[in-house]
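In what follows, chains carry the letters A, B, and so on, assigned in the order in which the sequence lines appear, proteins first and then strands, with residues in each chain numbered from 1.
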Amino acid sequence: MLDPKLIRGDLDRVARELARRGMTLDTSKISELEAQRKDVQVRTQQLQNDRNTRSKAIGKVKAEGGDIAPLMAEVAKLGDELAANEKRLESLQAELDAILLTVPNIPHSSVPDGRDETSNVEVRRWGEPRKLPFAPQDHVALGEALGQMDFECAAKISGARFTILKSALARMHRALIQFMLDTHTRDHGYTEVYAPYLVNADSLRGTGQLPKFEADLFKVSAEQSFYLIPTAEVPVTNIVRDTITDEKDMPLKFVCHTPCFRSEAGSHGKDTRGMIRQHQFEKVELVQVVRPENSYEALEQLTSHAETILRKLELPYRTVALCAGDMGFSAAKTYDIEVWLPGQQKYREISSCSNFEDFQARRMLARWRNSQTKKPELVHTLNGSGLAVGRTLVAIIENYQQEDGGILVPSALRPYMNGVDTIRRQ
RNA sequence: GGAGAGGUGGCUGAGCGGUCGAAAGCGGCGGUCUUGAAAACCGUUGACCCUCGCGGGUCCGGGGGUUCGAAUCCCUCCCUCUCCGCCA
């Protein structure tokens, strides 16, 4: 959520900055509601003050054994007007809040202009796509040929966009999770977290998935209703919801492996082949909660932590700064890391690292105690995939394929693979 | 699943329907004392909203209700704890 003060104070500027996202803010509607809200709030507070004063007087007179009837008559007249004003104020607030909750974050000044991914800016590139002396296959062909990847079977069990892995591929999938968690906890100073996969609506509102993107989520309705998490960002970031973090405990750095569940509504026909876009996938997520002045430095750090995994796995990648029009709802700035996929002859997203500034913190009421001002102030939150496990597996299969259909195991992963150096059909 | 108890400020914990945003203690901050520290003593110490300011309003798990007036009464939901049952 944007700062309501900013919206009240400089609505045109907010609209201008949001226009960079290709978003039109209904400024006349907002300023009209805001003007009404102010009027009604002032009037309501006057009436409340009046009532409070008189009610206290009644208490006093009653205690002294006086006659309260005349006072009661006076205050009775207030009731209706006050109730009407309170009701009106409440509905105005609700209307404003509803709008505010669907307004995206303002792009940081360093975010490039542009409407879609064609305007994203490559900031660095690492590694050379290997020149293979044969026509590369994609991970589906390779995995099925190995007899260790089965989409038909998964479709029978669940439906489209699910996968069954077996044997060494299933093991490598698990090894990747272990390897990523170890790297981030040992080398990058993150605290490992285990968190719920089912969350409530408040948490999703906190990180920005609700109310606008309910269609992307799986809802579980039993006696209580829950949502399946679309990313560990939701439970892990919400750790600090409604809390005031001690300055000495900052920055908080969490790493968490979870499955992620996405309905992929609206992406029909996209990436229907293979493991690229699934309803269920594993991800290792990095989350940081930092002091506002450090958040852009933290974004660079966090992004480099995610890149480290690709370097250790010796997978060629590039990092792009998303343009204003291509960023997610809550983000102020985002880097995507894209890994080279020989099967598609393309770089494909494998991680997305974002600084949300205080956008999520305001929704969550996540604060820290500033020792300078001694006041609670909003934290800045960040997160990034470190990495998407399924896509990492895909990248390894495709980049390490051999002419005979075997898959070389990256050396960084071998300690986690019981020494296996090549995956072959069994 | 059955029976019971409870949710109050950073923490512990009081609180007759009427100057209660809330006693007290702890913790925090400032000070006195001390070579320094500890102890002791004194003072101070919730959040949010409107306002240039004065000032005002809201908040005692969430939501609704009763009342001139609710932390206190009623309803409902959520959460925590204890006992019994079941169970990975």
Asker: I want to know whether A:Phe151 and A:Phe162 have ring centres closer than 6.0 Å.
Answerer: no

Asker: Only pairs with both distances under 3.5 Å count, Watson-Crick or wobble alike; so what is the partner of B:G30 in this structure?
Answerer: B:C42

Asker: Centre-to-centre under 6.0 Å for A:His380 and A:Tyr296, is that the case here?
Answerer: no

Asker: Between A:Arg369 and B:A47, is there a contact of a side-chain N or O with OP1 or OP2 at under 4.0 Å?
Answerer: yes

Asker: Could you tell me how far apart A:Glu90 (CD) and B:U58 (P) are, to the nearest whole angstrom?
Answerer: 14 Å

Asker: If we call it a pair only when both distances are under 3.5 Å in a Watson-Crick or G-U wobble match, what pairs with B:G17?
Answerer: none

Asker: Specify the closest pair of heavy atoms between A:Glu314 and A:Ser411, including all atoms of both residues, with the distance to one decimal.
Answerer: OE2-OG, 3.7 Å

Asker: Using atom CG of A:Leu6 as one end and atom P of B:C49 as the other, report the distance to the nearest whole Å.
Answerer: 14 Å

Asker: Salt bridge or not between A:Glu264 and A:Arg277? Use side-chain N to carboxylate O under 4.0 Å.
Answerer: yes

Asker: Given the side-chain rings of A:Tyr190 and A:Phe254, with only the six-membered ring counted for Trp, is the space between their centroids under 6.0 Å?
Answerer: no

Asker: Is B:G9 paired to anything, Watson-Crick or G-U wobble with both distances less than 3.5 Å, and if yes, which nucleotide?
Answerer: none

Asker: Paired with B:A70 by Watson-Crick or G-U wobble geometry, both distances under 3.5 Å: which nucleotide is it?
Answerer: none

Asker: Output yes when A:Arg291 and A:Glu377 qualify as a salt bridge under the 4.0 Å nitrogen-oxygen rule, no when they do not.
Answerer: no

Asker: Partner lookup for B:U58, please. Criteria are Watson-Crick or G-U wobble with both distances under 3.5 angstrom; report none if nothing qualifies.
Answerer: B:A47

Asker: Work out how far the P atom of B:C73 is from that of B:G7, and round it to whole angstrom.
Answerer: 11 Å

Asker: Charged N to carboxylate O under 4.0 angstrom, A:Lys29 versus A:Glu95?
Answerer: yes

Asker: Measuring from the side chain of A:Gln48 (C-beta onward, heavy atoms only), which nucleotide among B:G18, B:G57, B:A47 has the closest atom?
Answerer: B:G57

Asker: Take the protein atom CG of A:Asn370 and the nucleotide atom P of B:A47, then report the distance between them rounded to whole Å.
Answerer: 13 Å

Asker: Between B:G27 and B:A38, how many Å separate the two P atoms, rounded to a whole number?
Answerer: 12 Å

Asker: Write down the distance between CD (A:Gln46) and P (B:U51), rounded to a whole number of angstrom.
Answerer: 14 Å

Asker: Please report the distance separating the C1' of B:U58 from the corresponding atom of B:G21, rounded so that it comes out in whole Å.
Answerer: 11 Å

Asker: Rounding to a whole Å, what distance do you find between A:Gln41:CD and B:G57:C1'?
Answerer: 8 Å

Asker: If I pick the P atom on B:G65 and the same atom on B:C60, what distance separates them, to the nearest angstrom?
Answerer: 15 Å

Asker: Could you tell me the Watson-Crick or G-U partner of B:U35, where both distances fall under 3.5 Å? Say none if there is no partner.
Answerer: none

Asker: Over how many whole Å does the gap from A:Leu47 atom CG to B:C68 atom P extend?
Answerer: 17 Å

Asker: Over all strands shown, is A:Pro4 touching base, sugar-phosphate only, or nothing at heavy-atom distances under 4.0 angstrom?
Answerer: nothing

Asker: If you check the A:Lys38 side chain, which of B:U51, B:C49, B:G18 turns out closest?
Answerer: B:U51

Asker: Rounding to an integer number of angstrom, what distance separates B:G53 and B:C77 when you compare their C1' atoms?
Answerer: 43 Å

Asker: B:C68 phosphate, OP1 or OP2: any side-chain N/O from A:Lys56 under 4.0 angstrom?
Answerer: no

Asker: Given B:C68, B:G57, B:C48, identify the nucleotide with an atom nearest to the side chain of A:Pro376.
Answerer: B:C48

Asker: May I have the distance from A:Gln93 (atom CD) to B:G63 (atom P), rounded to whole angstrom?
Answerer: 14 Å

Asker: Which base, if any, makes a Watson-Crick or G-U wobble pair with B:C81, both distances under 3.5 Å?
Answerer: B:G4

Asker: Say we look at B:U72 and B:U66: how far apart would their C1' atoms be, to the nearest angstrom?
Answerer: 13 Å

Asker: Indicate, with a heavy-atom threshold strictly under 4.0 Å, whether A:Asn52 touches base, sugar-phosphate, or nothing.
Answerer: sugar-phosphate

Asker: Taking the same atom, C1', in B:G31 and in B:A39, what whole-Å distance lies between them?
Answerer: 16 Å

Asker: Return the value, rounded to whole Å, for the distance between atom CD1 of A:Ile58 and atom P of B:A70.
Answerer: 12 Å

Asker: Please name the nucleotide paired to B:A22 by Watson-Crick or G-U wobble geometry with both distances under 3.5 Å, or report none.
Answerer: none

Asker: Mind checking the P distance from B:C48 to B:G43? Whole angstroms is fine.
Answerer: 27 Å

Asker: Using a cut-off of less than 4.0 Å, is there contact between a side-chain N or O of A:Asn49 and OP1 or OP2 of B:G57?
Answerer: yes

Asker: Quick one: label A:Arg367 by what it contacts on the DNA or RNA (base, sugar-phosphate, nothing), any heavy atom closer than 4.0 Å.
Answerer: sugar-phosphate

Asker: Are the charged groups of A:Asp3 and A:Lys5 less than 4.0 angstrom apart, N to O?
Answerer: no

Asker: Regarding B:G56, can its base be found pairing with the side chain of A:Gln45 as donor and acceptor, where the two atoms are less than 3.5 Å apart?
Answerer: yes

